[in-house]
Number of protein chains: 2
Amino acid sequence: MNGKPYIAQRPKRADGRRNYDAILAAARKAFESAGADASLEEIASQAGVAIGTLYRHFPTRAALVEAATRDGLENLVAHAERLAAGPDPLEALLAWMREAVVHFSTFRGLVGILAQSMYDEGTPSHTMCSAMHRSGADLLRAAQAADRVRPDLTPDELFDLLSGAAWVREQATPDRDGSARFLELVLEGITTRG
Amino acid sequence: MNGKPYIAQRPKRADGRRNYDAILAAARKAFESAGADASLEEIASQAGVAIGTLYRHFPTRAALVEAATRDGLENLVAHAERLAAGPDPLEALLAWMREAVVHFSTFRGLVGILAQSMYDEGTPSHTMCSAMHRSGADLLRAAQAADRVRPDLTPDELFDLLSGAAWVREQATPDRDGSARFLELVLEGITTRG
DNA sequence: ACCTGAACACCGTTCAAGT
DNA sequence: ACCTGAACACCGTTCAAGT
C-alpha cells in the first residue's frame, strides 16, 4: 500500500550520533523493565534529550523497537549460518530454536510485535524478520531432509511454536518459567521417532 | 498482601442494573474489536452513561474484564464436568482443551490477563481462574489414569500449552489462524502412543 | 543537520454536586 | 443508591524557533 516503512539510521553528525545511542540505550533498559509500551517521555528524559529529539530519530514506536532489537535478530541469523555448518541438523535446529525463544522474549510485548512484522510488510522490522524466518526455515528443511523432523511441519508452524514458547517466557516470573519445558514438549511432537 | 480483590456485582436498583448491563455489552463489543486495552471513555459513551458511572460499577479495568468474561469461564467449568462423565477420558480432555483455547482468545490481551490471574491472588479473576484450572487438572488426571497422556505432564504445563495456543490464535488473522494446528502438534507431544 | 520545549489532543481517574 | 460531568494528571505527537 504505502511506501517503504521508516528504518532508523544512525546519524553522521557527532551530537546526533551521541543522542541516538543514548536514546537506544535508555529504550532497551525501559523496554526490559516496562515492556514494549514503556513511556517515550521517560526514555527521552533518561537519555537526557528532549522528546522532539527522540521523535526525530525514531518517528514511531515501532521504529524504536526495531532499532533496539536489530542486533539480536542479526545475531540470530548469523548463528543460524554457523549452526548449519555443523554435523547434526537436528541439534542445529534445536539449539537455534532455544536461542530464538530467548531473543523473542527479551521484553514484554516483543514477540507480538515480531509476529505481526512477520506478515506485515508495512512494518519497520519486516525485512529483518523475514531474514530470520528464512534462517529458521533453512535449518528446519535440513533437519527434515535428514529425517529427524516430521516432514509436514511448515516454517510458519515452526514460528507459531517458537512464538508460543516465547510468549510463555515473556509472562514468566523468575521463580516460574515454563518455557524450557514448553519447548521440550513441543519437540516431542515434531521430532520423528525411530 | 492487600484485602480481597474487588469483584463487580450486578446492582439491585433498576436503573443501576440497566447501566451495568449496557456497560458490559459495550465492553464486550469494544474488547473484541480493540482488545483488552480498549478506551473506557468510548465504552461508557457507547453504553450511554457518563464515565463516572462506569467507574462506579467497575473501579478497575481488571474488574470490567473479569465481569465481561465471567460467563465464559463458568461455561468452561460446567462443560468440564459434563465431559468428565463421558466414556473416553482422552477425548474429554481434548474437547475441553479446544474449547479452552477458543475462550482464552475471545479478544486480544485476554490470555495474558488470565495467565497473570492464575498466579496472582490480588486479581479479580483469580477465583474463577482457579476453578477453571481445577477443571482442567481433573480432566488431565483422568486421561493420565487411563494411560492416554504422559504421566509427567503437570496441570501448570498443560495451561502453558493452552495459553500458548490461545496466544497464537489471538494474533491470528481470519486468513491465517495456526492455533488448531498448534494444538494438534502439541497433542503429538503429550499423548502416549501404543 | 540537529535540538529544544511549548502546545495540543486524548484518555485515565477522581470527586463534588446532584437525583 | 446511583448518576453526571468538570477537573486534574499523564502521555503521545507535532511543530515553530533556535544552533
Side-chain angles (χ1 to χ4, degrees), chain A residues 2 5-27 29-31 33-68 107-109 113 122-124, chain B residues 2 5-27 29-31 33-68 107-109 113 122-124:
Chain A
N2 44 6
Y6 181 90
I7 307 281
Q9 305 248 359
R10 199 148 173 273
K12 299 199 195 83
R13 235 172 70 172
D15 57 345
R17 203 158 48 215
R18 209 164 34 234
N19 285 338
Y20 180 96
D21 292 341
I23 293 166
L24 263 189
K29 203 173 285 187
F31 289 155
S33 69
D37 54 352
S39 159
L40 297 178
E41 287 196 331
E42 176 66 21
I43 290 171
S45 132
Q46 286 294 322
V49 302
I51 183 66
T53 302
L54 186 149
Y55 274 92
R56 156 160 262 267
H57 293 298
F58 310 100
T60 64
R61 181 181 291 273
L64 180 55
V65 169
E66 188 275 335
F107 51 80
R108 248 171 319 121
I113 292 171
T123 248
Chain B
N2 43 7
Y6 181 89
I7 306 281
Q9 306 249 358
R10 199 146 172 276
K12 298 199 196 83
R13 235 172 69 172
D15 56 345
R17 202 158 48 214
R18 209 165 33 235
N19 285 339
Y20 181 96
D21 292 340
I23 293 166
L24 263 190
K29 203 174 287 189
F31 289 155
S33 69
D37 53 352
S39 159
L40 297 179
E41 286 195 332
E42 176 67 20
I43 290 171
S45 131
Q46 286 294 322
V49 302
I51 184 65
T53 301
L54 185 149
Y55 274 92
R56 156 161 264 267
H57 293 297
F58 310 99
T60 65
R61 182 181 291 273
L64 180 56
V65 170
E66 187 275 335
F107 51 79
R108 248 171 321 121
I113 293 170
T123 247

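As the structure is a prediction and not an experimental result, all values here were calculated from the model.
Comment: A:Asp37 does not engage A:Arg61 in a salt bridge, judged by the lack of any side-chain N to carboxylate O separation of less than 4.0 angstrom.
Of all non-hydrogen atoms in B:Ile43 and B:Ala26, the two that sit nearest each other are O-CB, 3.6 Å. The nearest pair of heavy atoms linking A:Ala67 to A:Tyr20 is CB-OH, 4.2 Å. Here the closest heavy-atom approach between residue B:Gly122 and residue B:Pro5 is recorded as O-CB, 3.6 Å.
For the pair A:Phe107 and A:Val65, the minimum side-chain heavy-atom distance is below 4.5 Å. Looking at heavy atoms from C-beta onward, A:Arg13 lies out of side-chain contact with A:Arg17 at the 4.5 angstrom threshold. Taking the side chain as every heavy atom from C-beta outward, A:Ile113 and A:Thr123 never approach each other to under 4.5 Å.
As rounded to whole Å, 14 Å separates atom C1' of D:dC2 from atom CZ of B:Phe58. Between B:Ile51 atom CD1 and D:dT4 atom P the separation is 11 Å, expressed in whole Å. We find that CG of B:Leu54 is positioned 14 Å from P of D:dG5, with the value rounded to whole Å. For the pair A:Leu40 CG and D:dC10 P, the interatomic distance rounds to 17 Å; values are reported in whole Å. Look at CD on B:Gln46: it is 16 Å from C1' on C:dC11, rounded to the nearest Å. Between the CZ atom of B:Arg56 and the C1' atom of D:dC3 there is a distance of 8 Å, given to the nearest Å. Rounded to whole angstrom, the span from the OH atom of B:Tyr55 across to the P atom of D:dA9 amounts to 16 Å. Look at CZ on A:Arg61: it is 7 Å from P on D:dT13, rounded to the nearest Å.
Within the nucleic acid shown, B:Ala44 has no heavy atom closer than 4.0 Å to any nucleic acid atom. Residue contacts shown for A:Thr53 include a base, since a base heavy atom lies under 4.0 Å away.
Nearest-nucleotide assignment on DNA chain C puts the 5′-proximal partner with A:His57, out of B:Gly52 and A:His57. Positionally, the nearest nucleotide of DNA chain D for B:Val49 lies more toward the 5' end than for the other of B:Val49 and A:Glu42.
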Distance-only criterion, 3.5 Å: show the donor-acceptor pairs between side-chain atoms of residues 50-60 of chain B and protein atoms not counting sequence neighbours.
{"from": "B:Thr60", "atom 1": "OG1", "to": "B:Ala63", "atom 2": "N", "distance (Å)": "3.0"}

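In DNA chain C, stems built from 3 or more consecutive Watson-Crick or G-U wobble pairs, each with both distances under 3.5 Å, span C:4-8 with D:12-16, C:12-16 with D:4-8.
In the set C:dG12, D:dC11, C:dG5, the nucleotide with an atom closest to the side chain of A:Ala50 is C:dG5.
Between atom CG of residue B:Leu40 and atom CD1 of residue B:Ile23 there is a gap of 10.5 Å, rounded to the nearest 0.5 Å.
A heavy atom closer than 4.0 Å to some atom of DNA chain D occurs in no member of residues 13-24 of chain A.
Residue A:Ser39 places at least one side-chain N or O under 4.0 Å from the OP1 or OP2 atom of D:dG12.
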